[in-house]
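Remarks on the structure that follows.
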Amino acid sequence: MKKTKHTVALALAAMLACQPLSVYAATFADMNQVPWAGAEASINKAASLGLVVGETRNGKTYFRPRDSVSLSESCQLAYKLLMQTGKAKADDSVTQKWTPIMNAYGIQSWAYPAVSYCLENGILATSNLSGFMKNGSNLPATREQAATILGRALTKGVSSYTANETTTTFKDNSSISTEAKPYVALLKRVGVVNGDDSNKFNPKQTLNRTETAVLVTNLYGVLEKATTPTTPTTPTTPTNPTTSTQKGTVATMTNFYVNLKDSAAYYMLASGGTTITLNGSSATMSDVVKLYKAGTSIDVTLTLDSNLHITKLEATYKETKKTKGSLTKVRYNKTDKEGSITIDKDSTYSFTDKDDVDIRIDKKSYSLKELYDLFTKAEDDKTTIEVEVTLDNKGNLTKITGSTKESSSDSIKGKVSKVNYDKSDKTGYIQLKNKTTKYYIDDTDDVTVKIDNKTKDYKDLYNLYDDGDSTITVTLTLNKKDYVTKITATTSDSDSKDDADGNVASVTYKESKDTGTVKIGSKTYDIDDVDDVDISITDGSDKIKTWEDFYNAYKDKKTMNVSATVKNDEVTKITGKVTQAKGELSKLGKNYIKIEGKYSNNTFSYDFDEDDTDNIKVSITNASGVKTLTKLIDWLESGDKLDLVLTLDKNGNITKIFGEYK
């Protein structure tokens with residue numbers, strides 16, 4: 001069978017497995033999304049070398065292994081490789097020389113040192129810059145563009161490496177541009193790249209961050225081993241390594257390096273450890289980076305060793321304003337990472353990255369989402385949150401500290417959605433419909449319980465709820481600590497079951513409150529707590545088990561035929577299967593098809609009988625002769641993009657395929 005969509009990735013991974021490689025501890029939270037098993041070691045090594053960095057969100061660092069790499073980033077990688085292997089030196093005058101031209105082409109300032117170095121040393125031509133940006137956004141690098149940049153960097157860094165070949169041994173050699181062929185051949189010769197299963201290089205496809213991590217770690221090894229011959233000198237008495245210092249204001253920084261304003265140099269943290277202080281107190285690099293990302297102006301004094309690596313970093317910044325008051329509003333947008341808080345109804349403070357504000361309430365650390373949830377619960381419970389807001393010298397939020405203020409006694413009324421009872425320690429809680437708050441019982445023996453005007457105990461109320469034959473309405477009396485002291489309940493008969501069957505018409509999900517709705521056929525059900533719904537929906541070779549995955553499947557336009565168990569107007573269980581799946585073709589295997597959901601960006605696998613490909617009907621727009629899966633396999637070319645609709649049988653296997661050629 002014809003191989004379709006696997007590029008240099010597998011070949012690179014296989015080659016890497018044959019090389020000695022130290023395995024570093026995983027520091028990225030999304031390592032489960034790497035395109036192939038074994039790539040984690042390369043990513044971690046590239047990170048430890050300071051060649052790649054991640055993005056910090058909610059206290060976790062993400063690598064984004066499937067994202068593409070831009071042309072500017074390719075230059076940055078080439079520059080870092082040469083700098084860190086001693087094959088290049090930073091030169092501010094070079095950056096100043098090329099700044100007008102880079103500015104004219106819209107190159108972003110963070111890339112100036114790298115791009116100017118590449119222009120100065122013939123790795124780039126000025127005409128290349130026209131392909132770097134579009135509408136203010138960085139354009140991705142193709143495989144041949146990245147290979148050309150990195151190959152030229154290798155010849156610049158090590159004069160003994162030359163790129164003289166005018167052809168390559170790849171099957172798709174004719175597809176590789178004349179400019180790129182010598183450098184693709186060079187990188188193949190030194191063991192940095194290889195072909196796919198069909199010995200194709202796929203020059204026009206883009207590189208993802210995982211493949212790039214493999215490339216740069218391999219090239220780092222080549223550059224590190226290469227030495228430039230020198231004239232022998234008379235041995236001298238060894239001297240202690242010299243140290244130096246650099247002072248200035250931070251221009252850019254990550255957990256791995258620091259770049260100062262008006263300087264092209266990137267100073268890496270020393271591999272043996274770096275001592276860090278912040279306003280005179282011991283700190284971590286993450287503490288300093290968090291302030292930098294919040295827009296704080298930071299001055300540093302860097303102590304450097306003989307390799308210009310940072311052994312000590314002394315950071316200072318100014319806090320200019322603190323404000324106290326009652327928290328009256330919290331706005332949180334998880335999509336664009338923006339948010340704001342309002343104090344005493346008239347003072348609003350915004351911040352553009354929710355991960356860069358230190359939030360502590362009652363001495364406990366909170367993310368912005370958790371603060372939003374706490375504030376929402378406080379509104380339900382009539383609790384006040386008193387806070388102090390700290391701003392930096394640019395007026396950006398850097399810290400929120402506060403405490404909750406207990407509410408007074410109150411009564412709450414509503415229909416019961418859940419009764420919890422722990423017999424071992426005589427505690428429990430009650431939840432009401434359309435509320436997320438749990439009303440706790442400190443000691444069930446101390447709670448006064450009346451059910452339909454008859455004196456009962458808490459265990460009776462729990463058993464009544466557990467039987468599920470009645471709708472229970474309660475009035476809860478709370479003390480000053482919000483514990484339930486009295487329960488007055490009334491009951492009304494209801495059908496124990498009202499099951500629903502059919503296709504899912506809509507799904508909603510409010511993540512901040514763990515609530516949602518589901519519409520099956522023509523009836524809509526409210527879900528007070530999505531975690532209480534048992535979900536088991538067959539989705540090809542996988543299963544949908546959580547409400548978030550259920551919601552994502554609906555947003556990915558999958559057709560789901562389900563049966564829902566309904567008890568007291570509450571959905572308790574949803575089972576069924578996906579009968580139709582939509583997405584972009586990711587891979588066509590020997591007996592499976594993988595597609596990527598357009599909303600979730602997750603990849604899903606669906607099986608077919610490899611001996612039955614002639615009987616699986618296919619309809620592809622702009623490909624009138626492709627009527628069966630056999631024909632599709634023969635017709636499909638590497639890099640082709642298809643939007644697919646897969647029809648599945650009761651076992652989740654593919655029976656029909658509709659596609660649109662892009």
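The residues of the chain are indexed from 1 along the displayed sequence.
Side-chain N or O atoms of N173 include one that pairs as donor or acceptor with a backbone N or O of T168 at under 3.5 Å. Under a 3.5 Å cut-off, the side chain of N218 and the backbone N or O of L215 do not form any donor-acceptor pair. In this structure a side-chain-to-backbone donor-acceptor pair under 3.5 Å is missing from T565 to T572. Counting only distance, with no hydrogens or angles, the side chain of T559 and the backbone of T579 share no donor-acceptor pair below 3.5 Å. Checked by atom type and distance alone, the side chain of D556 pairs as donor or acceptor with a backbone atom of Y599 at under 3.5 Å. Of the possible polar contacts, none joining the S605 side chain to the S541 backbone as a donor-acceptor pair under 3.5 Å is found. Remark: side-chain polar atoms of S600 are paired, donor with acceptor, to backbone N or O of N602 under 3.5 angstrom.
Pairing each heavy atom of T206 with each of E211, the nearest pair is O-OE1, 4.2 Å. Closest approach of V115 to C75, counting heavy atoms only: CG2-CB, 4.2 Å. When every heavy atom of T647 is checked against every heavy atom of Q580, the shortest pair comes out as OG1-NE2, 3.9 Å. Closest heavy-atom contact between P35 and N208: CG-ND2, 3.9 Å. Between Y105 and M133 the shortest heavy-atom distance is O-CG, 3.8 Å. Of all the heavy atoms in L186 and A163, the pair that sits closest is CD2-CB, 4.3 Å.
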### Query
Where do E584 and K641 land on the side-chain contact (heavy atoms from CB on, under 4.5 Å) test, with the steps shown first?
CA-CA 7 Å; E584 182 177 309; K641 292 186 178 293; 3.7 Å; yes

### Query
Would L154 and V192 count as a side-chain contact (heavy atoms from CB on, under 4.5 Å) if you check the C-alpha gap in whole Å, the side-chain angles of each, and the deciding distance to 0.1 Å?
CA-CA 11 Å; L154 176 57; V192 173; 5.8 Å; no

### Task
List the steps, then state whether side chain to side chain donor-acceptor pair (under 3.5 Å) holds for D649 with T655.
CA-CA 6 Å; D649 63 16; T655 61; over 6 Å; no

### side chain to side chain donor-acceptor pair (under 3.5 Å) between S563 and T575, worked out
CA-CA 5 Å; S563 294; T575 59; 4.9 Å; no

### Task
Tell me, with the steps shown, if T515 and I527 meet side-chain contact (heavy atoms from CB on, under 4.5 Å).
CA-CA 6 Å; T515 61; I527 311 298; 5.9 Å; no

### Intermediate values then yes/no, side chain to side chain donor-acceptor pair (under 3.5 Å), N138 and S72
CA-CA 7 Å; N138 283 287; S72 293; 3.1 Å; yes

### Task
Begin with the C-alpha distance, continue with both residues' side-chain angles, and end with the deciding distance and a verdict on side-chain contact (heavy atoms from CB on, under 4.5 Å) for V562 and V518.
CA-CA 11 Å; V562 300; V518 59; over 6 Å; no

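Between R152 and E179 there is a salt bridge, since at least one side-chain N of the basic residue sits less than 4.0 Å from a carboxylate O of the acidic one. Comment: D526 does not engage K433 in a salt bridge, judged by the lack of any side-chain N to carboxylate O separation of less than 4.0 angstrom.
The structure places CZ of F170 at 6.5 Å from CD1 of I176, a figure rounded to the nearest 0.5 Å. Note that the CG atom of L207 and the OG atom of S70 stand 11.5 Å from one another [nearest 0.5 Å]. Separation of atoms CZ (F550) and CD1 (I574) is listed at 4.5 Å; rounding is to 0.5 Å. Taken from CD in Q76 to CG in L51, the straight-line distance is 10.5 Å, to the nearest 0.5 Å. Atoms CG and CG, on L219 and L187 in that order, are 6.5 Å from each other to the nearest 0.5 Å. Atom OG of residue S506 and atom OH of residue Y551 lie 10.5 Å apart, to the nearest 0.5 angstrom.
Between the side chains of N202 and D196, a donor-acceptor pair is found at a separation under 3.5 Å. Side chain to side chain, K545 and S536 fail the donor-acceptor criterion of an N or O pair below 3.5 Å.
F201 does not carry R143 over the face of its six-membered ring by the limits of under 6.0 Å from the centre and within 45° of the normal. A cation-pi contact, defined as under 6.0 Å to the ring centre and within 45° of the axis, is absent between K156 and Y117.
Just one residue in the list L632, T628, I657 forms a side-chain contact (heavy atoms from CB on, under 4.5 Å) with I616, and that residue is I657. Checking D542, D539, D549 one by one against K558, the salt bridge (charged side-chain N to carboxylate O under 4.0 Å, His left out) holds for a single residue, D539.
Counting heavy atoms from C-beta outward, Q33 and F63 have side chains that stay 4.5 Å or more apart. In this structure, D501 and I520 have side chains that are not in contact, with every pair of non-hydrogen atoms separated by 4.5 Å or more. Side-chain contact between Y661 and V626: absent, with no pair of heavy atoms (C-beta onward) separated by less than 4.5 Å. In this structure, I123 and I149 have side chains that are in contact, with non-hydrogen atoms separated by less than 4.5 Å. Between S74 and V69 the shortest side-chain heavy-atom distance falls below 4.5 Å. Contact check for F658 versus K656: no side-chain heavy atoms found under the 4.5 Å cut-off. In this structure the side chain of V507 reaches within 4.5 angstrom of the side chain of W547, judged on heavy atoms. Taking 4.5 Å as the limit, some side-chain heavy atom of K188 sits within range of a side-chain heavy atom of T169.
With sequence neighbours left out, the side chain to side chain donor-acceptor pair (under 3.5 Å) criterion links Q145 to T142.
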